[in-house]
Amino acid sequence: MGTGLSKDADGSSHGNEGEENPDHAGGQLYVSLKMENYRLKAELIPHVYGSVPLVGSWDSSKALSMEPESASMWELSFVVPSNHETLDFKFLLKPKYSNSPCVVEEGPNRLLTRGTLQGESRLAVFKNGDVTVEFRVFIKADRVSPFDLAASWRVYQENLQPSTVRGIPDVSINSVPMAGIENGSPASLELDLEHYVVPAPSTSANSAFVYAANNTENPRFSNVDCPGNASYSFKDSGVSADQPTTIKEMEVVIPDPSKVYSGSGMVESKSVGTFSSLQKQDGHRGLFVDRGVGSPRLVKSSSSSAFSCDLKLDTETKNSMPAAAGAVAAGAVADQMLGPKEDRHLAIVLVGLPARGKTFTAAKLTRYLRWLGHDTKHFNVGKYRRLKHGANQSADFFRADNPEGMEARNEVAALAMDDMIAWMQEGGQVGIFDATNSTRKRRNMLMKMAEGKCKIIFLETLCNDEHIIERNIRLKIQQSPDYAEQPDFEAGLQDFKSRLSNYEKVYEPVEEGSYIKMIDMVSGHGGQIQVNNISGYLPGRIVFFLVNTHLTPRPILLTRHGESRDNVRGRIGGDTVLSDAGEIYAKKLANFVEKRLKSEKAASIWTSTLQRTIITASPIIGFPKIQWRALDEINAGVCDGMTYEEIKKNMPEEYEARRKDKLRYRYPRGESYLDVIQRLEPVIIELERQRAPVVVISHQAVLRALYAYFADRPLKEIPHIEVPLHTIIEIQMGVTGVQEKRYKLMD
């Protein structure tokens with residue numbers, strides 16, 4: 001006791017007798033033990049047990065559970081005196097859901113002396129029968145003073161929120177297991193994100209839990225007996241598979257993001273981003289990004305149909321007008337007024353082998369077009385097949401030399417196409433026809449059915465990455481209703497691979513008509529898009545969207561700014577600073593982001609150009625901050641700074657108009673929700689393009705519109721979506737779809 005420990009330059013240590021080292025006197029050691037294994041199954045939980053004061057028992061039932069830091073890393077942190085006695089402990093693995101015996105690590109006990117792990121063992125080896133599991137072991141010890149510990153505990157008690165003091169992580173005050181806590185988990189000041197999780201709305205963006213094809217349109221037939229006139233033959237097809245086609249192609253090459261792209265693609269975007277240094281004020285730094293809104297310009301193919309001028313809009317055209325604003329509506333009006341009648345309705349026909357991401361791509365495109373205001377529906381032929389012929393069809397059903405199977409599959413394809421065309425004639429604008437459509441005969445049948453009724457663009461998805469294909473196949477077996485009653489995963493896997501082989505034997509790439517080919521785009525690391533005979537505003541937007549989409553999993557965090565002074569006064573718009581509660585939320589948000597994204601070095605923070613979002617983001621450190629004018633709150637025009645009661649009293653007509661139709665109502669000299677959606681399109685494209693997490697700190701109307709995109713909510717619901725203050729909405733985007741989780745940091 002009272003002996004300070006120091007190290008010479010050569011690393012040797014000696015006691016400084018008779019004099020206490022002021023830096024170490026009364027200090028505490030914050031010790032972090034970590035274990036890492038990328039292959040550990042979630043059923044086995046790493047634990048620690050050993051001597052006082054670490055655990056105080058060699059009884060495995062009283063072992064301390066290590067907390068998951070990431071999918072592969074587990075941690076246990078504790079505090080001991082700097083001159084503590086040697087700690088004697090070992091690691092063990094305990095089953096999570098059963099009473100099976102624990103597995104204790106091999107080798108001698110581990111010894112921890114004054115923050116240093118004795119010996120050279122950096123691996124923890126566990127043997128369970130013939131199976132051997134290895135973990136990498138890490139240890140870190142930071143010296144903290146009693147003042148740091150007291151300050152951290154005081155902040156915790158006052159705010160009920162763990163914090164960080166002088167850069168030292170929050171620490172455990174008591175390392176003794178609390179009674180009644182399962183697995184002996186210690187009381188800890190570590191920020192537990194799950195503590196703040198609140199239920200998401202019933203209409204949340206959790207599409208990852210539902211098989212994508214199940215969300216598509218239901219067939220119009222009400223029983224298994226379909227109309228006799230619903231069968232179609234290839235013999236009378238008006239489009240010959242052998243007919244030579246004059247093709248004028250253009251190709252867009254998407255380079256690897258890690259390489260500099262210096263070429264000029266054939267798809268040219270008019271959206272312009274301008275960057276300028278942001279003035280230093282109150283420590284706020286970042287980039288100012290002013291995104292324009294435009295559309296890609298596509299080279300018009302010489303083989304495309306000539307425009308015919310018909311300025312008269314009939315009832316059918318009026319019904320198919322999109323509920324949109326600005327450039328979206330203008331482009332749609334131009335297409336409908338100047339294009340052939342069948343071009344007023346657009347059919348995107350998917351083409352590709354199974355497990356190439358067709359349904360996922362179709363679902364994303366449907367969600368995007370609906371959000372822009374275009375009446376869009378997704379028709380999945382597989383869903384028709386399962387309802388008509390059952391889900392338990394073996395691979396033989398999909399053989400090209402099986403005439404009964406071929407007839408049945410062509411029949412349900414024709415039924416789905418009939419339903420889509422009928423829906424278009426009732427006012428629908430864009431139909432997404434989701435099937436393999438892997439032969440020219442099938443595609444010619446569809447073109448014949450669509451002749452004079454809608455314009456077809458084939459969207460072919462090609463993938464040459466065997467790892468991605470294998471992953472998609474396994475997801476298919478896990479999620480598809482075709483294998484819901486197959487208990488043997490391997491048997492289902494072999495059956496699907498046989499089905500895939502049957503398709504590969506007869507597959508014919510698209511070379512006819514208007515088409516878009518996506519080649520190796522799903523990985524997000526380069527690829528190609530080939531475009532043939534594409535023209536018009538909406539097809540151009542579709543190409544631009546597809547160029548920027550990928551399947552890289554990453555979270556997007558949406559949150560409003562901290563409460564502002566205008567929020568307290570009930571005034572809309574404005575550009576005031578935060579209230580006291582808003583300042584507290586800004587600090588809590590910084591702690592949350594630091595914890596949630598601590599391993600994400602490429603993450604970024606996006607704010608609007610209004611100071612309440614910039615101030616909310618200011619405590620967040622370690623990530624680049626980008627300001628978007630497109631993320632500014634809805635412009636209230638002459639009503640800016642007023643309360644709703646003042647608007648009701650002084651402008652009753654405006655108040656009543658807004659109450660009747662909040663979606664389309666435009667403030668005098670201001671904006672409507674449709675205007676906000678229009679200016680947010682570049683933000684959506686950029687969010688789709690990002691491969692790292694993004695934190696969006698914005699405003700209620702803007703976040704309602706962004707959330708509606710990810711949750712696939714109808715336009716009419718956008719003004720009424722609940723986006724409360726001091727709440728974080730986490731959108732997880734990945735190969736299985738979109739998942740949502742909400743965290744409420746404070747009331």
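The ring-ring contact (aromatic ring centres under 6.0 Å, His included) test applied to Tyr667 returns Tyr665, not counting sequence neighbours. Applying the salt bridge (Lys or Arg N to Asp or Glu O under 4.0 Å) rule to Glu470 yields the partners Arg474, Lys497; only residues at least two apart in sequence or on another chain are considered. Considering only residues two or more places apart in sequence or on other chains, Ser608 meets the side chain to side chain donor-acceptor pair (under 3.5 Å) condition with Thr613, His699. Qualifying side chain to side chain donor-acceptor pair (under 3.5 Å) partners for Arg554, counting only residues two or more places apart in sequence or in other chains: none. Under the rule for a side chain to side chain contact (heavy atoms under 4.5 Å, CB included), the partners of Asp566 that lie at least two apart in sequence or sit in another chain are Ser564, Arg569, Arg571, Thr576. For Arg689, the salt bridge (Lys or Arg N to Asp or Glu O under 4.0 Å) partners two or more places apart in sequence, or in a different chain, are Glu686. Partners of Lys34 according to the side chain to side chain donor-acceptor pair (under 3.5 Å) rule, which considers only residues two or more places apart in sequence or in another chain, are Glu69. Judged as a side chain to side chain contact (heavy atoms under 4.5 Å, CB included), and not counting sequence neighbours, the contacts of Gln700 are Arg560, Glu633, Arg704. With sequence neighbours left out, the salt bridge (Lys or Arg N to Asp or Glu O under 4.0 Å) criterion links Glu563 to no other residue. For Trp606, the side chain to side chain donor-acceptor pair (under 3.5 Å) partners are Ser604, not counting sequence neighbours.
A distance-only check finds no donor-acceptor pair linking the side chain of Ser698 to the backbone of Val696 [under 3.5 Å]. Using a distance-only test at 3.5 Å, with no hydrogens or angles considered, a donor-acceptor pair links the side chain of Arg679 to the main chain of Ala630. Remark: side-chain polar atoms of Lys588 are not paired, donor with acceptor, to backbone N or O of Glu583 under 3.5 angstrom. Judged by distance alone, with hydrogens and angles left aside, the side-chain atoms of Thr609 form no donor-acceptor pair with the main-chain N or O of Arg629 at under 3.5 Å.
Partner of Tyr709 under the side chain to side chain donor-acceptor pair (under 3.5 Å) criterion, chosen from Arg370, Glu681, Glu688: Glu688.
No side-chain donor-acceptor contact under 3.5 Å links Thr376 and Tyr368.
Counting heavy atoms from C-beta on, the side chains of Leu462 and Asp520 never come closer than 4.5 Å. Looking at Leu631 and Thr607, their side chains never come closer than 4.5 Å, going by heavy atoms from C-beta outward.
The stretch residues 670-693 participates, sequence neighbours left out, in no ring-ring contact (aromatic ring centres under 6.0 Å, His included) pair at all. Each salt bridge (Lys or Arg N to Asp or Glu O under 4.0 Å) pair with one or both residues in residues 599-621, not counting sequence neighbours, would appear here, but there are none.
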